[in-house]
Amino acid sequence: AVERTFSIVKPDAVAKNVIGEIYSRFERAGLKIIASKMMHMSQEKAEGFYAEHKERPFFGALVEFMTSGPVMVQVLEGENAIKANREIMGATNPAEALRGTLRADYAVTVDENAVHGSDAPESAAREIAYFFSEDELCPRTR
Ligand code: CMP
């Protein structure tokens with residue numbers, strides 16, 4: 001089925017100047033970017049986004065990293081978009097990411113791992129709504 005998923009190009013990848021490289025991977029895989037913007041997240045915005053990880057030991061470092069510089073946030077649409085994007089990204093820990101995945105190519109550590117992608121339909125819907133209003137989504141008509 002055609003799905004939507006939420007994606008972030010994290011501060012490390014923006015700093016490496018590979019936004020376009022990452023967008024190309026999405027496009028080559030048939031995923032369409034139907035919304036996109038650059039932003040520098042506030043601490044409050046990042047804490048809210050990662051609320052489910054609040055009790056985890058890495059929460060503080062995660063929020064600090066995600067607010068350390070600008071990110072690109074985008075909505076990807078396509079056939080099985082959630083799983084397709086997770087395959088493009090590779091494992092959360094770049095040491096376990098398969099060759100040719102974004103994390104294998106651009107991430108160095110589990111903390112600074114280049115990209116985020118929704119892991120399920122429920123989180124995709126929640127994450128899209130957390131960053132985009134309905135009128136910012138531009139589904140393709142051709
Ligand atoms: P992300 O998909 O953005 O969601 C939570 C992030 O926490 C994850 O990517 C990692 O970058 C980061 N993180 C740091 N340590 C861990 C860990 N031990 N397990 C999972 N995620 C971690």
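Both counts, for ligands and for their atoms, begin at 1 and track the order of listing. Everything numeric in this text was worked out from a predicted model, so none of it was measured. Computation of the quantities below employed the complete heavy-atom set of this structure, encompassing side-chain atoms and omitting hydrogens, waters and symmetry-equivalent molecules.
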Trainee: Distance check, rounded to the nearest 0.5 Å: Thr101 atom OG1 versus Ile88 atom CD1?
Mentor: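 Interatomic distance, Thr101 OG1 to Ile88 CD1, rounded to 0.5 Å: 10.5 Å.
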
Trainee: Please determine, by modelled atom types, if Ser118 and Glu127 share a side-chain donor-acceptor pair under 3.5 angstrom.
Mentor: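 Present: a donor and an acceptor within the cut-off.
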
Trainee: Which other residues end up in the same hydrophobic cluster as Val75, if Ile, Leu, Val, Met, Phe, Trp and Tyr are linked when side-chain heavy atoms come under 4.5 Å apart?
Mentor: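 Other cluster members: Phe6, Ile8, Ile34, Met39, Met41, Phe49, Tyr50, Phe58, Phe59, Leu62, Val63, Phe65, Met66, Val71, Val73, Ile128, Tyr130, Phe131, Phe132, Leu137.
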
Trainee: Is a salt bridge present between Arg99 and Asp105, judged by a nitrogen-to-oxygen distance below 4.0 Å?
Mentor: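 No, this pair does not count.
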
Trainee: For a distance cut-off of 3.5 Å, show me each N or O of ligand 1 paired with any protein N or O, plus the separation.
Mentor:
residue: ligand 1; atom: 2 (O); partner: His116; partner atom: ND1; Å: 2.9
residue: ligand 1; atom: 3 (O); partner: Lys10; partner atom: NZ; Å: 2.7
residue: ligand 1; atom: 3 (O); partner: Tyr50; partner atom: OH; Å: 2.5
residue: ligand 1; atom: 3 (O); partner: His116; partner atom: ND1; Å: 3.1
residue: ligand 1; atom: 9 (O); partner: Lys10; partner atom: NZ; Å: 3.2
residue: ligand 1; atom: 11 (O); partner: Lys10; partner atom: NZ; Å: 3.3
residue: ligand 1; atom: 11 (O); partner: Val110; partner atom: O; Å: 2.7
residue: ligand 1; atom: 11 (O); partner: Asn113; partner atom: OD1; Å: 3.2
residue: ligand 1; atom: 11 (O); partner: Asn113; partner atom: ND2; Å: 3.2

Trainee: With a 4.0 Å cut-off, would you call Glu96 and Arg103 a salt bridge?
Mentor: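 Salt bridge absent between Glu96 and Arg103.
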
Trainee: Nearest 0.5 Å, please: how far is OG in Ser24 from CD in Glu27?
Mentor: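 Spacing of CD (Glu27) from OG (Ser24) equals 6.0 Å.
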
